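Input: a single structure, listed below in structure tokens.
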Amino acid sequence: MNNLEIAWVFLEIADLLEIQGESPFKVRAYRQAAHVLSELDEEVAHYAQMGRLTELPGIGAALAAKIEELLQTGSLAYLERLRREVPAGLRQMLALPGVGPRTVRTIFTHLGISTLEELEAAARAKKLRALPGLGVKTELAIQHGIELLRSRPSGLPLGLAFPAAAELSEIMAQLSQVQKVSLAGDVRRGEEMVGQIIIVAAVAPADQDAVLKTFQAAPYVRQTMRTEPGKTTVLLGIGLEAALITVPPPAFACRLCYHTGPPAHWSALVKWARARGFELTPDGLRGREGELQLSSEEELYQSLGLAFVAPELRAGRDEVELAARGALPELLRPEDMLGDLHLHSNWSDGTESIQGLARAAAGRGYAYIAITDHSQALSIAHGLTPERLVEQEKEIEEVRANYPHLFLFSGIEVDILADGRLDLPDDVLARRDIVLASVHSGFKQDRETMTRRILTALANPAVDILAHPSGRLLGRRDPYAVDLEQVLDAAQRYGKILEINASPERLDLGAEWARRAKEAGIKLAINTDAHDARRLADMDWGVCVARRAGLTREDVVNAWPLERLREYVRLRRERAYANS
DNA sequence: GCCGTTTTCGGCCCGACTGTTTTCAGTCG
């Protein structure tokens with residue numbers, strides 16, 4: 001078992017214990033341990049071998065023993081016991097908004113309900129409102145929550161699916177029988193939610209069975225679901241399906257393109273090819289002179305007279321036509337990013353010092369970062385008061401002296417209060433180099449109130465960037481009710497920057513809205529919202545969203561040199577304050 | 001569950017909001 005799988009086990013234990021009504025601190029210990037394991041650079045097995053598990057923060061004797069058991073046997077008696085005691089359906093109920101462990105327990109003990117289906121039936125039959133602590137509103141909220149859960153795209157966020165996909169692909173690449181291998185499908189296109197991992201490998205027909213068998217025994221694999229000639233589908237420990245497709249080497253380019261999809265893009269290619277006298281099938285490209293030998297996808301597009309279409313742009317929109325005209329955007333690349341404008345230090349709820357963030361940013365070759373801790377209203381995160389901001393400014397100044405080639409913006413992520421006012425006085429905000437504004441409370445406001453709230457905040461001259469504009473948590477929380485059309489209008493009118501939050505649990509704005517923002521002439525910033533130094537690497541997920549949105553360096557302010565960015569912010573503020 | 005110049009027990013970010021109540025429990029961030 002690898003780190004992520006063990007972390008997964010601990011998260012399940014935490015949920016089950018919580019439903020059982022165990023001490024919240026014990027529950028938190030498991031969640032904390034899961035977090036530590038998932039962030040660990042080295043395989044936890046190495047720590048186990050050296051008998052150093054308890055040196056990891058949050059891992060004591062009890063958890064170390066459980067990790068050992070998982071590593072040695074692949075299972076855990078304690079978890080098996082909990083699973084017998086708490087039906088799996090109860091854990092799913094925790095995902096319903098407004099439903100926590102106590103409510104789940106009430107429902108289970110009084111009605112004996114243990115699946116979402118039974119729960120929905122009970123809600124419809126108006127049986128929930130009679131339970132202690134529940135009422136009509138909760139009953140309706142549960143019914144609505146189940147509907148939302150159903151309408152959500154299934155699968156896992158890219159940030160969870162990609163590492164597993166990359167590791168599986170890497171393992172396949174190591175095999176001597178595998179001549180070429182590539183990720184395909186949702187993961188390769190950088191979709192925000194991944195329905196299934198697809199890996200395409202070029203393998204001589206005689207070796208296919210052996211390669212498929214190796215895949216079935218790879219790390220992460222819990223069980224084999226289906227096998228057919230040239231393809232096997234497995235279920236991973238993280239609850240996602242992964243398919244390995246083996247193809248004869250000459251067909252690799254076409255099959256890769258076909259399985260990368262989406263179907264609408266492939267259809268557009270087939271149609272384009274046919275109109276020019278080619279026959280394009282998943283197994284090859286046939287021209288008037290016969291079958292073409294293609295050694296790569298690039299050659300496939302070239303043979304069709306098209307510029308290469310980056311997987312992220314494949315959508316069946318107008319990309320084939322643009323490729324024909326040579327008019328595809330020159331997409332933003334990870335190496336174009338020059339800074340990160342949304343970082344939390346240990347002044348609020350981050351774990352890293354400002355110095356540590358600066359060191360990590362310098363290590364990535366950044367030209368600038370912004371320290372943007374929370375404001376006072378977010379007390380759970382130790383949000384900063386005006387007084388502490390003054391103190392922090394001094395520390396930022398000290399760190400600046402240590403990193404002459406890295407500019408530190410003294411920033412702030414100021415809360416947008418329920419009525420749209422900001423959580424800090426204007427003069428305090430005006431002294432910060434960059435101001436992000438965002439919503440962290442009152443998520444249940446109706447659409448009109450929430451929209452007005454955000455528009456009010458955008459109208460404030462102090463605000464430079466609207467952070468995580470929709471508030472969604474991928475697969476966990478839907479966007480709050482807000483009219484993003486109006487938000488885009490206001491951003492465009494006031495010259496505000498919209499954030500693509502690169503945290504893998506957010507990816508907010510998503511690609512569709514980022515595309516529309518660009519079309520409206522709005523500038524974007526891609527920020528990680530990192531709470532520790534390691535998470536600076538999340539930038540790549542944000543770049544992925546930007547690429548799917550068709551963004552170029554020009555569209556993204558933190559792909560600009562420092563002076564241009566500062567000038568942009570300065571001019572915007574000058575205009576805003578002059579008009580206010 | 002973990003952790004300790006508060007070290008073997010007693011702490012462990014906390015405050016707002018909501019829906020249920022009629023003074024508060026549960027959820028959320």
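Everything numeric in this text was worked out from a predicted model, so none of it was measured. Per chain, numbering begins at 1; letters A, B, ... match sequence-line order.
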Report the C-alpha separation of A/Glu80 and A/Arg84 in whole Å, then their side-chain angles, then the decisive distance to 0.1 Å, and conclude whether the salt bridge (Lys or Arg N to Asp or Glu O under 4.0 Å) test is met. CA-CA 6 Å; A/Glu80 301 306 323; A/Arg84 281 196 298 275; 5.6 Å; no

Chi angles and distances behind the side chain to side chain donor-acceptor pair (under 3.5 Å) call for A/Ser348, A/Asp373: CA-CA 6 Å; A/Ser348 64; A/Asp373 280 303; 2.6 Å; yes

Show the numbers, then the answer: is there a side chain to side chain donor-acceptor pair (under 3.5 Å) between A/Ser410 and A/Asp433? CA-CA 5 Å; A/Ser410 75; A/Asp433 297 323; 3.3 Å; yes

Please test A/Ser503 against A/His342 for side chain to side chain contact (heavy atoms under 4.5 Å, CB included), starting from the C-alpha separation and ending with a verdict. CA-CA 11 Å; A/Ser503 164; A/His342 187 166; over 6 Å; no

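Separation of the C1' atoms belonging to B/dA25 and B/dT20 is 8 Å when rounded to the nearest angstrom. The gap from the C1' atom of B/dT23 to that of B/dG19 amounts to 13 Å, rounded to the nearest Å. B/dC13 and B/dC2: their C1' atoms are spaced 15 Å apart (whole Å). Only the C1' atoms considered, B/dC3 is 11 Å distant from B/dT8, to the nearest whole Å. To the nearest whole angstrom, the two C1' atoms, one in B/dC14 and one in B/dC9, are 24 Å apart. For the C1' atoms, the distance linking B/dT5 with B/dG1 amounts to 24 Å, nearest Å. Going from the P atom of B/dT21 to that of B/dG26 covers 12 Å, rounded to whole Å. Between B/dC17 and B/dC12, the distance separating the two P atoms is 24 Å to the nearest Å.
Among the atoms of the strands shown, only primed sugar atoms or phosphate atoms (P, OP1, OP2) are found under 4.0 Å from some heavy atom of A/Arg477. Among the heavy atoms of the strands, none lies under 4.0 Å from A/Pro24. A/Tyr78 comes within contact range of the sugar-phosphate backbone alone, with a heavy-atom separation under 4.0 Å but no base atom that close. Note on A/Val99: only backbone sugar-phosphate atoms sit closer than 4.0 angstrom, heavy atoms only; bases stay farther off.
A/Glu18 places its CD atom 12 Å from the C1' atom of B/dC28, with the value rounded to the nearest Å. Taking atom CD of A/Glu505 as the reference point, atom P of B/dC28 lies 16 Å away to the nearest angstrom. When rounded to the nearest whole Å, the span between CG of A/Asp349 and P of B/dC28 equals 19 Å. Atom CG of A/Leu378 and atom P of B/dG29 are 11 Å apart (whole Å). Separating the CD1 atom of A/Ile142 from the C1' atom of B/dG19 is a distance of 12 Å, rounded to the nearest angstrom. Residue A/Leu76 contributes atom CG, which lies 10 Å from atom P of B/dG1 at whole-angstrom precision. Whole-Å rounding puts the A/Leu473 CG to B/dC28 P distance at 12 Å. Note: NE2 (A/His468) to C1' (B/dG29) measures 11 Å, nearest angstrom.
Looking only at distances, a side-chain donor or acceptor of A/Asp508 sits under 3.5 Å from a matching main-chain atom of A/Ser470. Judged by distance alone, with hydrogens and angles left aside, the side-chain atoms of A/Asn527 form a donor-acceptor pair with the main-chain N or O of A/Leu341 at under 3.5 Å. With hydrogens and angles ignored, the 3.5 Å screen pairs no side-chain donor or acceptor of A/Ser114 with any backbone N or O of A/Gly89.
Using cut-offs of 30° and 60° on the angle between ring planes, the pair A/Phe409 and A/Tyr368 is perpendicular. Using cut-offs of 30° and 60° for the angle between ring planes, the A/His468 and A/His440 rings count as perpendicular.
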Side-chain donor-acceptor distances from residues 96-106 of chain A under 3.5 Å, at least two apart:
residue, atom, partner, partner atom, Å
A/Arg105, NE, A/Ile19, O, 2.8
A/Thr106, OG1, A/Arg102, O, 2.9

How would you summarise protein contacts on nucleotides 2-18 of chain B per nucleotide, using B for base, S for sugar-phosphate only and - for none, with heavy-atom distances below 4.0 Å? SS--------BBBS---

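Considering A/Val86, A/Leu94, A/Leu11 in turn, A/Val86 is the only one that fulfils the side chain to side chain contact (heavy atoms under 4.5 Å, CB included) rule with A/Leu16.
In this model, the phosphate group of B/dG29 is not approached by any side-chain N or O of A/Tyr480 to a distance below 4.0 Å at OP1 or OP2.
For B/dG4, the paired base is B/dC9 (Watson-Crick or G-U wobble, both distances below 3.5 Å).
Listed by residue number, A/Gly133, A/Leu134, A/Gly135 are the residues of residues 120-135 of chain A with a heavy-atom contact under 4.0 Å to DNA chain B.
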